[in-house]
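Here the structure is laid out as structure tokens; the discussion comes afterwards.
Computed from a predicted model, the values in this text were never measured in an experiment.
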2 protein chains.
Amino acid sequence: MNENEKTTENKILEASNTVFIRKGYSGASMQEIADEAGINKALLHYYFRSKEKLFRAGFSNVFSKFVPAVTEMILSDKSFAEKMDLFVDNYIDTLHENPLIPLFVLQELNRDPDNLFALMKSSGMQPQLLIKVILEEMEKGNIPKGDPRHFFINLLGLCIFPYAARPLMQRIFFDNDQEAYDAFLLERKMVIKNLIHKMIDQK
Amino acid sequence: MNENEKTTENKILEASNTVFIRKGYSGASMQEIADEAGINKALLHYYFRSKEKLFRAGFSNVFSKFVPAVTEMILSDKSFAEKMDLFVDNYIDTLHENPLIPLFVLQELNRDPDNLFALMKSSGMQPQLLIKVILEEMEKGNIPKGDPRHFFINLLGLCIFPYAARPLMQRIFFDNDQEAYDAFLLERKMVIKNLIHKMIDQK
DNA sequence: GTCTATATGGCGATAGAC
DNA sequence: GTCTATCGCCATATAGAC
């Protein structure tokens, strides 16, 4: 499907995601979204009545991109260590293709947490499943016992932070060299997997 | 100094930080800041000419809160492991007292990275110093060799992420129980220190 | 469905009285 | 220094022609 075959609705949704992610909710304007979509401002309201409704329509789509990495990992019948490797690889790849999403999610998460939480549930994400898997592994003695929530939040922080803080980190540590930072981000797959292995290693 | 003895300028700065941190730059309005400060909108412009200038005046102050944790650590003559412990304890304490700052910084970092970078330098932060310390320890053979930037960004991600993503994490994993999440955040001091020790442990 | 034109309101910023 | 009143602009949203 090329550019001309896209429905107007799809063009709007793509454009709105681009702009909302770039500028945040308050920073984005309907005019800018219309320009990005190559249509008129009034048409946005024809399709999505209000800015808020347009935002929500696009947002669920964005959020759901990160669901497959988790579910694929949980459903696989590999060992726990291999599941973690799979998760990190998938998650970083998805982040790398959608590098602006973390900041976008963090912003929205502050603006309207209830909305975000609702979207997360409707997107089919089930973090409790992962917690359950971790607890089972602890029971089986495969990994050290502890609060699985620390484990999971460690994992997320290690993966997400370098993307959310990219503009600053790239300037501080890489002379604002974009390619060098991209390479660094991909290196992190190995770094994080090694660290996870140390976390689940029994001494 | 009680509420009445504060200068108007100070009241404005406090109010602007509160509102900017709560709503982000675009989301905050001069009217809301004036209300928060208990003064008139025009007075904001009398003291700080523009919204942008008001923002910058308050921001440098906020950012500088995180500098002491780093410098104190670097200047101490303790072992590397102890330095890391010191850093984590100080950093998490500061985050805990200013829990909204991470998100605020991340937002601003996307809106105007150059401004943020300039402020960071003028606040006296010298991340290169930490990199240098880590490299020296690697040379001495005290910690495993590797890219010190991964080490540092791991550290930051582990500390900062749970604060930046708090509204979501608290809902997902703690039934939105604020006290439970606060306790969890403070537990992380130990969790992160243990993890750091595993990172610097030579097998 | 898509456009131009416009209504309506809030925004940042300023003028000027006190 | 502090206020009220207001300017000019741009935001979201709507009306109505085609």
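Rounded to whole Å, atom C1' of dT12(D) lies 16 Å from atom CZ of Phe55(A). Between the CG atom of Leu44(A) and the P atom of dT14(D) there is a distance of 13 Å, rounded to whole Å. Here dG12(C) presents its P atom at 7 Å from NE2 of His45(B), a figure rounded to the nearest Å. Computed from coordinates, the Lys53(A) NZ to dT14(D) C1' distance equals 15 Å when rounded to whole Å. Taking atom NZ of residue Lys51(B) and atom P of nucleotide dC9(D), one finds them 19 Å apart after rounding to whole Å. Look at CD on Glu52(A): it is 12 Å from P on dT12(D), rounded to the nearest Å. Taking atom CE on Met30(B) and atom C1' on dC7(D), their separation rounds to 16 Å, with Å as the unit.
A search for side-chain contact (heavy atoms from CB on, under 4.5 Å) contacts involving Ser123(B) returns Phe63(B), Ser64(B), Val67(B), Met125(B), not counting sequence neighbours. Take Asp114(A) and apply the side-chain contact (heavy atoms from CB on, under 4.5 Å) test, not counting sequence neighbours, and it matches Asp112(A), Arg171(B). Lys132(B) meets the salt bridge (Lys or Arg N to Asp or Glu O under 4.0 Å) test with Glu136(B); sequence neighbours excluded.
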Show the atom names and distances, to 0.1 Å, of all donor-acceptor pairs under 3.5 Å that link a side chain in residues 85-92 of chain B to residues at least two apart or in another chain.
residue: Asp85(B); atom: OD1; partner: His197(B); partner atom: NE2; Å: 2.9
residue: Asp85(B); atom: OD2; partner: His197(B); partner atom: NE2; Å: 3.4
residue: Asp89(B); atom: OD1; partner: Lys193(B); partner atom: NZ; Å: 3.0
residue: Asp89(B); atom: OD2; partner: Lys193(B); partner atom: NZ; Å: 3.2
residue: Asn90(B); atom: ND2; partner: Glu72(B); partner atom: OE1; Å: 3.1

For residues 157-170 of chain B, tabulate all N or O donor-acceptor pairs below 3.5 Å that involve a side-chain atom, not counting sequence neighbours.
residue: Tyr163(B); atom: OH; partner: His96(B); partner atom: ND1; Å: 2.8
residue: Arg166(B); atom: NE; partner: Gln170(B); partner atom: OE1; Å: 2.8
residue: Arg166(B); atom: NH1; partner: Asp182(B); partner atom: OD1; Å: 3.1
residue: Arg166(B); atom: NH2; partner: Gln170(B); partner atom: OE1; Å: 2.9
residue: Arg166(B); atom: NH2; partner: Gln178(B); partner atom: O; Å: 3.2
residue: Gln170(B); atom: NE2; partner: Asn176(B); partner atom: OD1; Å: 3.1

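Within 4.0 Å (heavy atoms only), Ala28(B) reaches sugar-phosphate atoms of the nucleic acid but no base atom.
The aromatic rings of Tyr181(A) and Phe174(A) sit perpendicular, their planes meeting at an angle over 60°, well past the 30° parallel limit.
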Name the pairs: protein N/O against N/O of nucleotides 1-5 of chain C, kept only if under 3.5 Å.
residue: dT2(C); atom: OP1; partner: Thr8(A); partner atom: OG1; Å: 3.0
residue: dT2(C); atom: OP2; partner: Thr8(A); partner atom: OG1; Å: 3.1
residue: dT2(C); atom: OP2; partner: Tyr47(A); partner atom: OH; Å: 2.7
residue: dC3(C); atom: OP2; partner: Asn40(A); partner atom: N; Å: 3.2
residue: dT4(C); atom: OP2; partner: Asn40(A); partner atom: ND2; Å: 2.9

